[in-house]
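Structure first, then comments.
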Amino acid sequence: MASEMDEDRLFAEIEQHLAREDPDLAARISALDGQFPDTTTPPASDENERQWTMPISLILAAIAVIGLLLTAILNAPPAAEEQQRPPTGQAVAQLLYPYGGSD
């Protein structure tokens, strides 16, 4: 911040020296300063901009949370109600020989 103040002071001194040495140039520069607005200052913040940014950010955050929850639910492994075992005993015989024949 101190360097900005030093720069501003130096620019003011240079401007004063130029105004003393060449008053016509100083008059032209003053006229140009009046024609063009100062572009170095940021524009004032618009209240309308702040009014819609908060709801939009909350909506986007809610969508992100819902998306994460759906991803976690849909990617979860299925719940096994009972252990699946290979068939044994008579059920295998019925599958292999549905009509009672052994061939």
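- L68 contributes atom CG, which lies 12.0 Å from atom CD1 of I63 (distance to the nearest 0.5 angstrom).
- Listed by chain and residue number, L25, D33 satisfy the side chain to side chain contact (heavy atoms under 4.5 Å, CB included) test with I29 (two or more places apart in sequence, or in another chain).
- Considering only residues two or more places apart in sequence or on other chains, I56 meets the side chain to side chain contact (heavy atoms under 4.5 Å, CB included) condition with W52, L60.
- Taking Ile, Leu, Val, Met, Phe, Trp and Tyr as hydrophobic and joining them when side-chain heavy atoms fall under 4.5 Å apart, one finds I14 in a cluster with L18.
- Membership of the apolar cluster around I66 extends to L70, as traced through chained side-chain contacts below 4.5 Å between ILVMFWY residues.
- Applying the side chain to side chain contact (heavy atoms under 4.5 Å, CB included) test to L58 and every residue at least two apart in sequence or in another chain returns M54.
- For residues 8-17, the pairs satisfying salt bridge (charged side-chain N to carboxylate O under 4.0 Å, His left out) are R9-E13, with sequence neighbours left out.
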